[in-house]
Amino acid sequence: MNSQHQEYHEEVDFSNFMLLVDVCCQKAEEISDRWKVFRKRKRTKFLPSLLASKLNANPNSNPKKDEESLHVIPLPLPPPLSEDNKFAKGVATNQPASESKKRKQSNHDQEESRNNTIEKATATTQSKSKIKREPAHDDDQEPPVQKKKIIERPAVTPIWVEQVASTQLHNAQPPVWLCGKELTVTDAKKHHNRFFIPKTGVENLFQELTQGEKKMVPNGIPVIGLDEDGRVWNLELKLWPGVKQHVLSKRWIDLVQANHLKGKDEIQVWFCRYGRDRKFCFLIGRK
């Protein structure tokens, strides 16, 4: 009898334990469902609405007991936001309506002023871009000339050219016309100290040179220059690679200053060979 009674009690205890397990599982499911609902809603809105529904169903119930019976695990509230963060996140504050309006108005005014400054800046940049500016010119380049004055070869060789070539040069060949030019401002400047030979002058000059002499021009060929008074000036014929133009340099500025040449003065340039080595000579004088 004792053994049967003990087995009966063990079976009853096991059945009660299983029933308790089922009840706990149901309660856990309810708690998980309520927890999901609680996470979706705010705690301040969820609890009063749930309590109100219970009170309507049972007016004699105690709210405190009903709140305890909900089995809702309270979560810690987040820390209070600072004033800046409240305004940044749009949280309502305890400030009066007038102050909030003033703050909104000031923010609106600042945004309008910022937009106005951006519009003005874009307008000025567009107006500046529309203005046609003349391209910057390097000092070593010829400034643009509106109307290039063409100086043609005189019908008769000037007397000073024949006299200077015959008296100052030994065994001189007949002079050859190269070009005429109206001097630019840079041609007469001291710190430039060079004379740009016009394109027609270069073409006429290269007709008098051999192939070997043409190859020597880029590196520079020493030549002499003669003015109207027969004074000799040591010059150099060279090709400037930067501007790709042929120039007369070295003591060119001395020739300019001695003859009182300046911008817009018209000069003529002649070329001849002299001596056994057939050296180069440039005869330069006013028109």
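As the structure is a computational prediction, the values presented were derived from the model and not from experiment.
Minimum heavy-atom separation, Glu228 to Val164: O-CG2, 3.7 Å. Considering all non-hydrogen atoms of both residues, Cys179 and Gly201 come closest at CB-CA, 3.7 Å. Heavy-atom minimum distance, Leu235 versus Gly225: CD1-CA, 3.9 Å.
Looking only at side-chain heavy atoms (C-beta outward), Trp233 and Asp227 come within less than 4.5 Å of each other. Between Gln268 and Arg286 the shortest side-chain heavy-atom distance does not fall below 4.5 Å. Between Val269 and Leu283, every side-chain heavy-atom pair lies at or beyond the 4.5 Å cut-off. Using a 4.5 Å heavy-atom threshold, the side chains of Ile221 and Phe280 count as touching. Side-chain contact check for Gln168 versus Gln163: every heavy-atom pair is 4.5 Å or farther apart. The shortest distance between side-chain heavy atoms of Glu152 and Trp177 does not fall below 4.5 Å. When side chains are defined from C-beta on, Leu248 counts as touching Ile284, because their heavy atoms get closer than 4.5 Å. For the pair Cys272/Leu169, a side-chain contact is recorded, criterion being any heavy-atom separation below 4.5 Å from C-beta on.
No chain of hydrophobic side-chain contacts below 4.5 Å, direct or via other Ile, Leu, Val, Met, Phe, Trp or Tyr residues, connects Val185 to Ile151. In terms of hydrophobic clustering, with Ile, Leu, Val, Met, Phe, Trp and Tyr side chains grouped at heavy-atom distances under 4.5 Å, Val223 and Val232 are assigned to different clusters. Val176 and Val217 fall into different hydrophobic clusters, where Ile, Leu, Val, Met, Phe, Trp and Tyr residues are linked whenever their side-chain heavy atoms come under 4.5 Å apart, directly or through other members. A chain of hydrophobic side-chain contacts below 4.5 Å, direct or via other Ile, Leu, Val, Met, Phe, Trp or Tyr residues, connects Tyr274 to Val161. Transitive grouping of hydrophobic side chains (ILVMFWY, heavy atoms separated by less than 4.5 Å) keeps Leu226 and Leu261 in distinct clusters.
In this structure, the side chain of Trp252 engages the main chain of Asp187 through a donor-acceptor pair within 3.5 Å.
To the nearest 0.5 Å, atoms CG (Asp254) and CZ (Arg231) are separated by 10.5 Å. The line from OG of Ser249 to CG of Asn193 is 7.0 Å long, rounded to the nearest 0.5 Å. To the nearest 0.5 Å, atoms CD1 (Ile31) and SG (Cys24) are separated by 9.5 Å. Taken from OG1 in Thr210 to NZ in Lys215, the straight-line distance is 10.0 Å, to the nearest 0.5 Å. To the nearest 0.5 angstrom, Gln211 atom CD is 13.5 Å from Met216 atom CE. In this structure, OG1 in Thr157 is found 5.5 Å from CD in Glu162, a value given to the nearest 0.5 Å.
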* Which is it for Glu213 and Arg273 under the salt bridge (Lys or Arg N to Asp or Glu O under 4.0 Å) test, yes or no, and what are the steps along the way? -> CA-CA 13 Å; Glu213 292 171 341; Arg273 292 178 179 269; 2.7 Å; yes
* To do: Show your working on side-chain contact (heavy atoms from CB on, under 4.5 Å) between Lys190 and Gln257 and close with a plain yes or no.
  => CA-CA 9 Å; Lys190 183 176 180 179; Gln257 292 177 353; 4.0 Å; yes
* To do: Would you please test Leu239 and Gln245 for side-chain contact (heavy atoms from CB on, under 4.5 Å) and show each step?
  => CA-CA 6 Å; Leu239 173 66; Gln245 290 200 22; 5.5 Å; no
* **side-chain contact (heavy atoms from CB on, under 4.5 Å) between Leu209 and Lys214, intermediate numbers included** => CA-CA 6 Å; Leu209 302 182; Lys214 291 178 183 178; 4.0 Å; yes
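Relative to the six-membered ring of Phe195, Lys181 meets both conditions, a distance below 6.0 Å and an angle of at most 45° to the axis. Cation-pi geometry between Arg194 and Phe196 is met: under 6.0 angstrom from the ring centre, within 45 degrees of the axis.
Under a cut-off of 6.0 angstrom, the local environment of NZ in Lys262 is sparse, with at most 12 non-hydrogen atoms contributed by other residues, nucleotides or ligands.
Test Val247, Asn204, Leu237, Leu178 against Ile197 for side chain to side chain contact (heavy atoms under 4.5 Å, CB included) and you get one pass: Leu237.
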